[in-house]
Amino acid sequence: MYKVLRKKVLTDTGVDRVILLDIEAPLVAKKHKPGHFVMLRIDEKGERVPLTIADANPETGAVTIIAQEVGSTSKQLGRLEAGDHILDFVGPLGQAAHYPEHKHVVCIGGGLGVAPLYPEVKHLYQTGSHVTSIVGARNKDLILLESEMQEYSHEFYIATDDGSYGTKGFVTTILQELIDSNTPVDLVIAIGPIPMMKAVANLTRKYEIKTLVSLNSLMVDGTGMCGACRVTVGGETKFTCIDGPEFDGHLVDFDEQMRRLSMYKDKEKEVLIQEGCGGANGCQ
Amino acid sequence: MSVDKRARFIGREPMALLEDELRVRGFSEVALGYTEEQAISEAKRCLKCKNPKCQLGCPVNIDIKDFIALTAEGKFIEAYKKIKEKNSLPAVCGRVCPQEEQCEVECIVGLKGEPVAIGRLERFVSDYALTKEHKKIVCEVSAGKKVAVVGSGPAGLACAGELAKLCYDVTMYEAFHEPGGVLMYGIPEFRLPKGIVKEEVEFLKEAGVKIECNVIIGKTLTIDDLFEMGFEAVFLGTGAGLPYFLGLEGENLNGVYSANEFLTRVNLMRAYRFPEYKTPVYVGNHVAVIGAGNVAMDAARTARRLGATVHIIYRRSEEEMPARKEEIEHAKEEGIGFLTLANPMKVIGDEKGYVKEIVCQQMELGEPDESGRRRPQAIPGSEFTLPVDTLVVAVGQGPNPIVTQATPDLATNKWGNIIADEQTGATSIPGVYAGGDVVTGAATVIKAMGAGKIAAAGIHNYLTNK
Ligand SMILES: Cc1cc2nc3c(=O)[nH]c(=O)nc-3n(C[C@H](O)[C@H](O)[C@H](O)COP(=O)(O)OP(=O)(O)OC[C@H]3O[C@@H](n4cnc5c(N)ncnc54)[C@H](O)[C@@H]3O)c2cc1C
Ligand SMILES: Cc1cc2nc3c(=O)[nH]c(=O)nc-3n(C[C@H](O)[C@H](O)[C@H](O)COP(=O)(O)OP(=O)(O)OC[C@H]3O[C@@H](n4cnc5c(N)ncnc54)[C@H](O)[C@@H]3O)c2cc1C
Ligand code: SF4
Ligand code: FES
């Protein structure tokens, strides 16, 4: 059993929320590197779901996860409070991100993608890269970890779809401006919804700027055993959980990923309806 | 007791089976086992040979003749203990071992008639004992040395059991949330009830083996960490958990599963009880399974129970099918169709990206290849399509690479299997032993157990002389 040490609601739109939990998992905390994720199962009947490790403290043994309440499991996660327990929590999984000597890195986080991006930003900043961060969201209320991101970024930009905060437009609008201003960019890391990562990759491809994206495939085990997380990268089948979750954005078949993610849409609705959480605000 | 010489001429005791209609409506065990009377009568068919060949055919060398003799006398607990001396998971092995190609194929009675039903007898006495008796391993003097066992499949369970008998302080690490390996996540309930696997795991716990689930060696802890934590030897029984695909066009369409994913969703995560259990599985009306090993039969029979019509697609003929005969028969009884000599060529999806049909080519058998099996050759112009909404690929699996990636000093062969000495289980790293599917590639429960036992002896020898 893994204890919930702390809980915080990061954003709340009234429809869904983004919550942060610190989970007591000393072995995972000790081994964590940016890019890693965990698989957790809340209780006996629960699904195993992957979540990025947003932060970890080897001293206290706390592992921070940030989740958006989208479906049954994440909503159940959102109902946990400090002192509650999670049945299974395993990790750290995936390949740790590694950046051979990059001078100027542009880190782009879309929506919830900021959570997995944050440990990478922190790491890059602390190891001497020049970090430019671009954070995008639908509106002002959905911006996550703003002050944390700012603390570890040399330059920091915000884009909102509705213009309620920062620049009106998409993260790619700002990235295009950066490129046009002739600031040389050595590496782009983009994490967020697939359409966003695809748009960033399409833009940087034109300028031949190396771009890493992080895929949130459906997973069952997270250890390379089931193949649920397959993705086509450069024409080859890779497993997101052991080969990724970060891949070269110019080689990823994003359309296939988007399609595979929708695989259980109807089934997931079934669970929510059964639990009486079908509509907005359900289960809270 | 005298030997019944006529026994060899009468057939073996039949085992009761669940009715076909009941089978496909649930996950209850199909084979129902012997009654006491049947077991005694079957055991009496044994000739008590002077040089029992059956024993030589058994990978863990069970004293088959002796356990059968005790069974014939109705001394079921004693018979169970006799098996337990050599085999720590008899209730499992009695159900899933390919006896027809191990002990039973050697049985003398089989020369003139049907061989003694050794597997069914093993199953009977284990089930009998599990309800009556739980023998505890109690150590008088602890060997006091710590050994880590990685992976809780048959190899790990057998190794941990042997080491516990030798009074080592054993901790078993398992990546999943439940111990048992393939016995838990792969082989379905209707063939191996999970309660039986849990009993066997309980038995180890009572013997003092500590089990830590949710720990992945190579990720959560490395082998070096284990040595730093005071373990003096490590056994790696991490299995063959990396699913192979065929590289077919369309293989990543929605609705195409590896057998591992399909079976794990259903068995370990109980997707057949969705939405009470939260893990979904998508099974349409027409399922095809590619392959014809035990894994393929399990996937096909599982899909059948989830309400689909099912076809097995196999590129050779039924004779070459690697699955146990019994499983093939059961699959047929349950209405599963067999498309033999059919080679899958590509998978076609609908406009939403879900699999819609599979294109195959008819084959014929030519000359034998290196494996000794006749090589299938395509018949030109024989393409046909089969409409399917779920496709399960069950064409084998390789060793899971997590441990080897994290341990560069650990020598592997070109397929990524760990190289281990056949006599001791020793690997290229002193104090690190390995066995089971991760060494041999996908094999059998009993072979993995045999390797676990050999490694336990190797470890004991190593630690005694250290
Ligand atoms: C390596 C990795 C890291 C991840 N990190 C995070 C993280 O830090 N925070 C976080 O909130 N989520 C993260 N995810 C996604 C997270 O695993 C899923 O959102 C979660 O499984 C949803 O579970 P659920 O039961 O709440 O929703 P479900 O009931 O499973 O799904 C609800 C809805 O979300 C969609 N959906 C399901 N899974 C995904 C997915 N993987 N991506 C996008 N949409 C999905 C479904 O299509 C459905 O419409 C990560 C995924 C991966 C693979
Ligand atoms: C569907 C199916 C049906 C089968 N049917 C039969 C049959 O009828 N008869 C028969 O004899 N054989 C059968 N087999 C084969 C048999 O199950 C295997 O040969 C046997 O289980 C191998 O045992 P093992 O201990 O080597 O590995 P496994 O049973 O694979 O166990 C390995 C364990 O190690 C864990 N693990 C892996 N990596 C790590 C890590 N890094 N850290 C911690 N833990 C880890 C895994 O989670 C797993 O629990 C079948 C196999 C399958 C898949
Ligand atoms: S070979 Fe057959 S008859 Fe002879 S001892 Fe073994 S089981 Fe009995
Ligand atoms: S999640 Fe099973 S192989 Fe990646």
Side-chain angles (χ1 to χ4, degrees), chain A residues 2 25 27-28 30-31 36 38-49 71-73 76 87-95 218 220-232 236-237 239 242 253 255-264 266-268 270-275, chain B residues 174-178 182 185-186 212-216 218-222 225 238-245 247 251-265 268-271 273-282 349 352-354 393 397-402 405-406:
Chain A
Y2 300 80
L27 294 180
V28 183
K30 218 185 248 173
K31 279 281 168 10
H36 278 152
V38 292
M39 294 286 300
L40 64 80
R41 188 176 73 136
I42 301 175
D43 60 24
E44 174 57 33
K45 294 184 176 171
E47 197 174 2
R48 293 169 64 96
V49 297
S72 162
T73 305
Q76 194 186 350
L87 192 53
D88 303 298
F89 192 85
V90 56
L93 291 161
Q95 298 289 340
L218 299 181
V220 178
D221 59 305
T223 64
M225 205 212 67
C226 74
C229 62
R230 0 203 238 290
V231 49
T232 304
E236 270 182 66
T237 294
F239 289 4
I242 47 171
D253 183 341
D255 296 337
E256 177 187 273
Q257 272 305 287
M258 209 161 345
R259 197 188 71 217
R260 289 187 63 85
L261 272 177
S262 70
M263 173 100 181
Y264 291 108
D266 296 343
K267 294 259 182 191
E268 278 141 8
E270 227 179 283
V271 180
L272 286 180
I273 289 165
Q274 153 145 347
E275 290 174 349
Chain B
E174 168 56 46
F176 265 130
H177 52 258
E178 276 188 73
V182 169
Y185 75 71
E212 302 273 350
C213 288
N214 295 315
V215 179
I216 301 178
K219 291 285 183 191
T220 320
L221 293 170
T222 61
D225 290 337
T238 49
L242 182 80
Y244 290 146
F245 288 90
E251 222 172 12
N252 289 348
L253 284 163
N254 290 3
V256 183
Y257 288 103
S258 77
N260 275 0
E261 176 182 359
F262 186 69
L263 291 170
T264 302
R265 282 182 183 271
L268 186 72
M269 306 309 296
R270 319 262 201 301
R273 288 170 67 182
F274 181 89
E276 180 197 356
Y277 281 77
K278 303 284 165 50
T279 303
V281 66
Y282 175 81
K352 283 177 168 167
Y354 281 77
V393 181
Q397 58 266 351
N400 190 295
I402 287 182
Q405 270 176 10

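Each chain gets a letter, A, B and so on, in the order its sequence line appears, and its residues count up from 1.
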At what distance, to the nearest 0.5 angstrom, does CE of B/Met269 lie from CD of A/Glu47?
7.0 Å
Examine whether an atom of B/Asn252 lies under 4.5 Å from a heavy atom of chain A, and if so say whether it belongs to the side chain, the backbone or both; otherwise answer neither.
both
Within this structure, what is the NZ-CD1 distance for the pair B/Lys278 and A/Ile42, rounded to the nearest 0.5 Å?
7.5 Å
Calculate, to the nearest 0.5 Å, the distance between atoms CZ and CZ belonging to B/Phe176 and A/Arg41 respectively.
10.5 Å
Among residues at least two apart in sequence or on other chains, which ones pass side chain to side chain donor-acceptor pair (under 3.5 Å) with B/Asn214?
A/Asp88
Note, A/Ile242 side chain near B/Leu242 side chain (heavy atom, < 4.5 Å)
yes
As an exercise: rank B/Gly353, B/Gly247, B/Ala271, B/Pro401 by heavy-atom pairs under 4.5 Å with chain A and give me the winner.
B/Gly353
Which bit of A/Tyr2 comes within less than 4.5 Å of chain B, counting heavy atoms only: side chain, backbone, both or neither?
side chain
I need the B/Asn254 CG to A/Leu218 CG distance, nearest 0.5 Å.
8.5 Å
Scored by heavy-atom pairs under 4.5 Å with chain A, the best of B/Arg270, B/Arg265, B/Gln405, B/Arg273 is B/Arg265
Contacting region of B/Glu251 [heavy-atom separation from chain A under 4.5 Å]
backbone
Rounded to the nearest 0.5 Å, the CG atom of B/Asp225 sits from the NZ atom of A/Lys30 at a distance of 7.5 Å
Heavy-atom cut-off 4.5 Å, strictly under: side chain, backbone, both or neither for B/Val393 against chain A?
neither
Let me confirm one number: the CG-CZ distance from B/Leu253 to A/Arg260, rounded to the nearest 0.5 Å.
8.5 Å
Name the region of A/Glu44, side chain, backbone, both or neither, that has any atom closer than 4.5 Å to a heavy atom of chain B.
both
If you apply the rule side chain to side chain contact (heavy atoms under 4.5 Å, CB included), what do you find for A/Asp221 with B/Thr264, and how did you get there?
CA-CA 9 Å; A/Asp221 59 305; B/Thr264 302; 5.8 Å; no
If one checks every heavy atom of B/Tyr354 against chain A at 4.5 Å, the contacting part turns out to be side chain
